[in-house]
Amino acid sequence: MAEARTPVAGSRPRAGLVTAGRGAWWLVLPALIPILLLSVGPLLYGILLAFTDAQSGRTAATRWIGALNFRDLLHDTLFWESFRIGLVWAAGVTVPQFLLALGLALLLNQDLRLRGLARALAIVPWAMPEVVVGIMWRLVYNPDAGVLNETLRGLGLGGGRDWLSGLATALPAVIVVGVWAGLPQTTVALLAGVQNVPRELHEAAAVDGAGAWRRFRMVTWPALRPVALAITALNLIWNLNSFALVYVLTGGGPGGKTRLPMLFAYEEAFRYGQFGYAAAMGCVLVAVVSVLLAVFLAGRLRGGEDA
């Protein structure tokens, strides 16, 4: 009698994994198709456009010009000045935003009266569209009847300054608005991280005689650090790609003092019709954001291995 064949160990699980993997792809596909159509597709088209001389209103066919747009961009001092302003804006918004959000998150985590109402009010700016925020703050900064100048007049500190039109005050004024508008999302993320710290650890540290600062440094911050790194990296990227808020507030003025890179690319494309050149600017910004993401992910992976 022929001996019964013994199944090879692990053959069934492997086949099951293949089937499960195919099933997972079908589940992911409905979410993947919009991403491919609305994000990856336009990105690839923009990269292709950057290597052409595409312009609006021209009758001649668009030609492939290679890296000519990038060569011109390398010597465009206005673009690199806007890039410098963009870095100042991104850092100037991200750092104060994180520090204020951290303090607000720690405060909202305390057992305060009307804490629920305070948390609801803290996220109000997040619920407002950027265009509405920009219009509201233009009214605040109004040189004649704005709340800020009226308050300064009431305190005997002068007033009447046009904050959004002054060469020295326009960028700081816009940064203040950026910090205010993005504060809620950073606060919510940090508050979620703070709430995940076990209360028992704080109680044990307090029994050992640790003060508030030592408890924060030894208990809260180690648990909060991954969330802080993630939200800071995302804020830096979002702020570097800002457009609508600054466009409504100043339109890039005065004298280009608040012209962020995305504003510069927008003007090149839709004011001057240089689609290929504007696409090259977009490619440079995508490359910078990709480098920032790579550095962030590399740091997270190293931190995970060290742990």
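Note that these values count all heavy atoms, side chains included, but never hydrogens, waters or copies made by symmetry. All residue numbers in this chain count up from 1 along the given sequence.
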Side-chain heavy atoms nearer than 4.5 Å, only ILVMFWY residues, links allowed to pass through others: does that put [X] and [Y] together?
X: Val124; Y: Val188; value: no
X: Leu43; Y: Leu49; value: yes
X: Val179; Y: Val132; value: yes
X: Leu167; Y: Val174; value: no
X: Leu224; Y: Val95; value: yes

Is there side-chain contact between [X] and [Y], with heavy atoms separated by less than 4.5 Å?
X: Thr187; Y: Trp126; value: no
X: Arg84; Y: Val88; value: yes
X: Met281; Y: Phe264; value: yes
X: Lys257; Y: Leu171; value: no
X: Tyr277; Y: Tyr272; value: no
X: Val288; Y: Phe83; value: yes
X: Trp180; Y: Val133; value: yes
X: Asn239; Y: Trp89; value: yes

[atom1] of [X] to [atom2] of [Y]: how many Å apart, nearest 0.5 Å?
X: Glu150; Y: Asn142; atom1: CD; atom2: CG; value: 9.0 Å
X: Thr186; Y: Leu234; atom1: OG1; atom2: CG; value: 9.5 Å
X: Thr94; Y: Leu99; atom1: OG1; atom2: CG; value: 11.0 Å
X: Leu32; Y: Ser39; atom1: CG; atom2: OG; value: 10.5 Å
X: Leu102; Y: Thr220; atom1: CG; atom2: OG1; value: 9.0 Å
X: Ile231; Y: Gln97; atom1: CD1; atom2: CD; value: 8.0 Å

- [ ] May I have the step-by-step check of side-chain contact (heavy atoms from CB on, under 4.5 Å) for Leu260 and Phe243, ending in yes or no?
- [x] CA-CA 7 Å; Leu260 305 182; Phe243 171 78; over 6 Å; no
Open item on the list: Under 3.5 Å, is there a donor on one side chain and an acceptor on the other for Gln185 and Asn235?
Closed with: yes
Open item on the list: Is a donor from one side chain sitting under 3.5 angstrom from an acceptor on the other, for Thr62 and Thr52?
Closed with: no
Give a yes or no on whether the backbone of [Y] and the side-chain of [X] come within a donor-acceptor separation of less than 3.5 Å.
X: Tyr141; Y: Ala173; answer: yes
X: Asp53; Y: Arg63; answer: yes
X: Glu130; Y: Ser242; answer: no
X: Asp162; Y: Pro143; answer: no
X: Trp238; Y: Ala90; answer: no

Between [X] and [Y], which heavy-atom pair has the shortest distance, and what is it?
X: Val248; Y: Val131; result: CG1-O, 4.0 Å
X: Thr232; Y: Ala228; result: OG1-O, 2.7 Å
X: Gly46; Y: Cys283; result: O-SG, 4.2 Å
X: Ser165; Y: Pro254; result: O-CG, 3.2 Å
X: Pro184; Y: Ile123; result: CB-CA, 3.7 Å
X: Ile85; Y: Gly256; result: CD1-O, 3.2 Å

Task: Arg259 and Glu81 ion-paired at < 4.0 Å - done: no
TODO: List the steps, then state whether side-chain contact (heavy atoms from CB on, under 4.5 Å) holds for Phe79 with Val284.
DONE: CA-CA 11 Å; Phe79 172 74; Val284 172; 4.2 Å; yes
Open item on the list: Classify the ring geometry of Tyr247 against Tyr266: parallel below 30°, tilted from 30° to 60°, perpendicular beyond 60°.
Closed with: perpendicular
Open item on the list: Measuring centre to centre across the rings, with the benzene-like ring taken for any Trp, is Phe70 within less than 6.0 Å of Phe51?
Closed with: yes
- [ ] Establish, yes or no, whether the cationic atom of Arg217 lies under 6.0 Å from the six-membered ring centre of Trp221 and within 45° of the ring axis.
- [x] no
TODO: Could you point out which residue of Thr250, Thr169, Asn149 forms a side chain to side chain donor-acceptor pair (under 3.5 Å) with Trp163?
DONE: Asn149
- [ ] Check step by step if side-chain contact (heavy atoms from CB on, under 4.5 Å) holds for Phe98 and Leu183.
- [x] CA-CA 8 Å; Phe98 174 79; Leu183 188 62; over 6 Å; no
Open item on the list: Could you walk me through whether Leu249 and Thr258 satisfy the side-chain contact (heavy atoms from CB on, under 4.5 Å) test, starting with their C-alpha distance in whole Å, then the side-chain angles of each, then the deciding distance to 0.1 Å, before giving a yes or no?
Closed with: CA-CA 10 Å; Leu249 283 168; Thr258 61; over 6 Å; no
